[in-house]
Trainee: 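Below is one structure. I have some questions about it.
One is the number of the first residue; the rest follow in order along the sequence.
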Amino acid sequence: MRDDRNVARVLLDRQGRTYAEEAGIRLADRPGPLYQLLVLTTLLSTRIRAGVALAAARELFAAGYRTPQAMEAASWQDRVDALGRGHYRRYDERTATMLGTGARLCLDRWHGDLRRMHREADGDRPVLRRLLTEFPGIGPIGADIFLREAQTVWPDVRPYADRRALAGAKRLGLPANPGGLAGLVGDADFGRLASALVRVALGEESAGEVSRSATAR
């Protein structure tokens, strides 16, 4: 008989990195990494392949745009060029504008520190989602992406599994609800599991291969 915990372990073994980690973000409850996650979220919110969004984020960070101050200080053309190096070309001009506007909003509204946003929400997820959607380019799906990743450093958000993560769980025959999934892994691993489930939903990981590997163990 298949053990759901074993399936979760196999999935983590195969796809155990969060999207933030893949973008080179050392996520922590600090202003810089949280802003970098906001940038990644903006890129992932566009209708473009996740791999391209990740590459574009790495190029922006390599260019030094790791804080809202640096992002705003960069010229619009510099941001366009960095996005282009990541092959984020279809939406590069509009996204370059949104990144500049979003950086200014982060500075004006939150003094460059998204921990202030977290504190203002006081553990209320709907409030957090609403505040995140005030940033240009981030809608409800983008807010889900941010919170799915941020739960690794914001424990009060956990367990957070958005529709894509739950779709991946359904493909694997795992519980299609956050509480059920949380029972399969330790608290520290839940964010990684949620990201891995998204990869299953997007077809970046084979549900069949994960299930077969879990059965073979």
Side-chain angles (χ1 to χ4, degrees), residues 14-110 112-114 117 132-150 152-153 162 164-165 168 191-192 194-205:
R14 294 169 65 98
Q15 298 287 348
R17 288 203 300 171
T18 64
Y19 283 94
E21 288 173 323
E22 197 169 342
I25 302 169
R26 294 183 179 181
L27 196 57
D29 192 23
R30 298 197 307 271
L34 290 171
Y35 174 70
Q36 292 155 31
L37 177 58
L38 185 73
V39 170
L40 176 61
T41 298
T42 303
L43 300 176
L44 286 169
S45 295
T46 306
R47 293 190 177 188
I48 202 161
R49 287 188 299 109
V52 173
L54 289 163
R58 289 192 290 267
E59 289 293 340
L60 287 165
F61 301 150
Y65 312 147
R66 291 180 166 269
T67 65
Q69 293 89 343
M71 185 68 78
E72 188 188 39
S75 71
W76 176 83
Q77 189 60 55
D78 284 342
R79 293 193 294 266
V80 169
D81 290 345
L83 291 168
R85 289 193 295 275
H87 305 288
Y88 197 97
R89 296 196 175 95
R90 185 177 176 188
Y91 302 101
D92 54 352
E93 295 185 354
R94 182 166 66 94
T95 301
T97 299
M98 290 192 300
L99 289 171
T101 304
R104 175 37 54 190
L105 175 60
C106 185
L107 291 166
D108 288 346
R109 181 78 166 85
W110 306 112
D113 187 351
L114 293 176
M117 178 185 71
L132 284 162
T133 59
E134 292 178 3
F135 285 96
I138 297 181
I141 292 175
D144 282 339
I145 292 170
F146 186 96
L147 294 175
R148 190 183 71 222
E149 297 280 315
T152 61
V153 294
D162 60 355
R164 281 183 176 169
R192 296 169 56 229
S195 292
L197 289 170
V198 170
R199 290 185 168 94
V200 172
L202 295 177
E204 297 172 11
E205 175 58 85

Trainee: Flag the pair Ile141 / Ile145 as yes when at least one side-chain heavy-atom distance between them is below 4.5 Å, and no otherwise.
Mentor: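 Counting from C-beta outward, Ile141 and Ile145 do come under 4.5 Å.
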Trainee: Could you check whether any side-chain heavy atom of Tyr88 comes within less than 4.5 Å of a side-chain heavy atom of Leu43, counting everything from C-beta outward?
Mentor: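 Of all side-chain heavy-atom pairs linking Leu43 with Tyr88, at least one is under 4.5 Å.
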Trainee: State, with a plain yes or no, whether a side-chain heavy atom of Thr41 is found less than 4.5 Å away from one of Leu132.
Mentor: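 A side-chain contact is absent here, since even the closest heavy-atom pair is not under 4.5 Å.
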Trainee: Could you report the tightest heavy-atom contact between Leu40 and Ala57, atom names first, then the distance?
Mentor: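 That would be CD1-CB, 3.9 Å.
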Trainee: Is the number of heavy atoms from other residues, nucleotides or ligands within 6.0 Å of CZ (Arg90) greater than 12?
Mentor: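 For Arg90, atom CZ is not crowded (no more than 12 foreign heavy atoms under 6.0 Å).
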Trainee: To the nearest 0.5 Å, what is the distance between CG on Asp92 and CZ on Arg79?
Mentor: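 Here the interatomic distance stands at 12.0 Å.
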Trainee: Taking Arg164 for its side chain and Ala201 for its backbone only, find out whether a donor-acceptor pair lies under 3.5 Å.
Mentor: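 Answer holds: no.
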Trainee: Which residues pass the side-chain hydrogen bond (donor to acceptor under 3.5 Å, both in side chains) test with Tyr35, sequence neighbours left out?
Mentor: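 Testing Tyr35 for side-chain hydrogen bond (donor to acceptor under 3.5 Å, both in side chains), a comparison that skips the adjacent residues, returns none.
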Trainee: Could you walk me through whether Tyr65 and Leu99 pass side-chain contact (heavy atoms from CB on, under 4.5 Å), step by step?
Mentor: CA-CA 10 Å; Tyr65 312 147; Leu99 289 171; over 6 Å; no
Trainee: Taking the side chain as everything from C-beta on, heavy atoms only, tell me whether Thr95 gets closer than 4.5 Å to Thr46.
Mentor: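 Heavy-atom side-chain distance check passes, below 4.5 Å.
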Trainee: Could you check if a side-chain atom of Ile25 sits within less than 4.5 angstrom of a side-chain atom of Val39, using non-hydrogen atoms only?
Mentor: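 Not in contact.
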Trainee: Restricting to non-hydrogen atoms, name the atom on Gly102 and the atom on Pro136 that form the minimum distance, rounded to 0.1 Å.
Mentor: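 Between these two residues, the closest heavy atoms are N-CG, 3.7 Å.
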Trainee: Given side chains that start at C-beta, do those of Leu114 and Phe135 come closer than 4.5 Å, heavy atoms only?
Mentor: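 They are in side-chain contact.
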Trainee: Work out which heavy atom in Ala82 is nearest to a heavy atom in Leu60; give both atom names and the distance.
Mentor: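 Shortest heavy-atom separation between Ala82 and Leu60 comes out as CB-CD2, 3.7 Å.
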Trainee: Nearest 0.5 Å please: distance from the CG atom of Leu38 over to the CE atom of Met117.
Mentor: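 It is 7.5 Å, given to the nearest 0.5 Å.
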Trainee: How far apart are the closest heavy atoms of Val80 and Ala96, and which atoms are they?
Mentor: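 Minimum heavy-atom separation between Val80 and Ala96: CG2-CB, 3.5 Å.
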Trainee: Heavy atoms, side chains only, cut-off 4.5 Å: are Val198 and Tyr19 in contact?
Mentor: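 Side-chain contact under 4.5 Å: yes.
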Trainee: Spell out, as yes or no, whether a donor-acceptor pair under 3.5 Å connects the side chain of Gln36 to the backbone of Arg66.
Mentor: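 Checked: pair present.
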Trainee: Which pairs count as salt bridge (Lys or Arg N to Asp or Glu O under 4.0 Å) when at least one residue sits in residues 20-49, sequence neighbours excluded?
Mentor: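 Matches after skipping sequence neighbours: Glu22-Arg199.
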Trainee: Looking at CE of Met71 and OG1 of Thr101, how far apart are the two atoms once the value is rounded to the nearest 0.5 Å?
Mentor: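 Here the interatomic distance stands at 11.5 Å.
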Trainee: Counting N and O atoms only, with roles assigned by atom type, does the side chain of Thr152 sit under 3.5 Å from a partner on the main chain of Glu149, one being a donor and the other an acceptor?
Mentor: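 Pair found, side chain donor or acceptor close to backbone of Glu149.
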Trainee: List the atom of Gly112, the atom of Pro31, and the distance in Å for their closest heavy-atom pair.
Mentor: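 Shortest heavy-atom separation between Gly112 and Pro31 comes out as O-CB, 3.7 Å.
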Trainee: Quick one: pull up CD in Glu134 and CZ in Arg109 and give me the separation to the nearest 0.5 Å.
Mentor: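 So the CD of Glu134 and the CZ of Arg109 are separated by 5.5 Å.
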Trainee: Using the test salt bridge (Lys or Arg N to Asp or Glu O under 4.0 Å), find all partners of Asp113 that sit at least two apart in sequence or belong to another chain.
Mentor: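 Asp113 satisfies salt bridge (Lys or Arg N to Asp or Glu O under 4.0 Å) with Arg115 once adjacent residues are dropped.
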Trainee: Do you know which two heavy atoms are closest between Arg85 and Ala63, and how far apart they sit?
Mentor: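 Smallest heavy-atom distance, with atoms named: NH2-CB, 4.0 Å.
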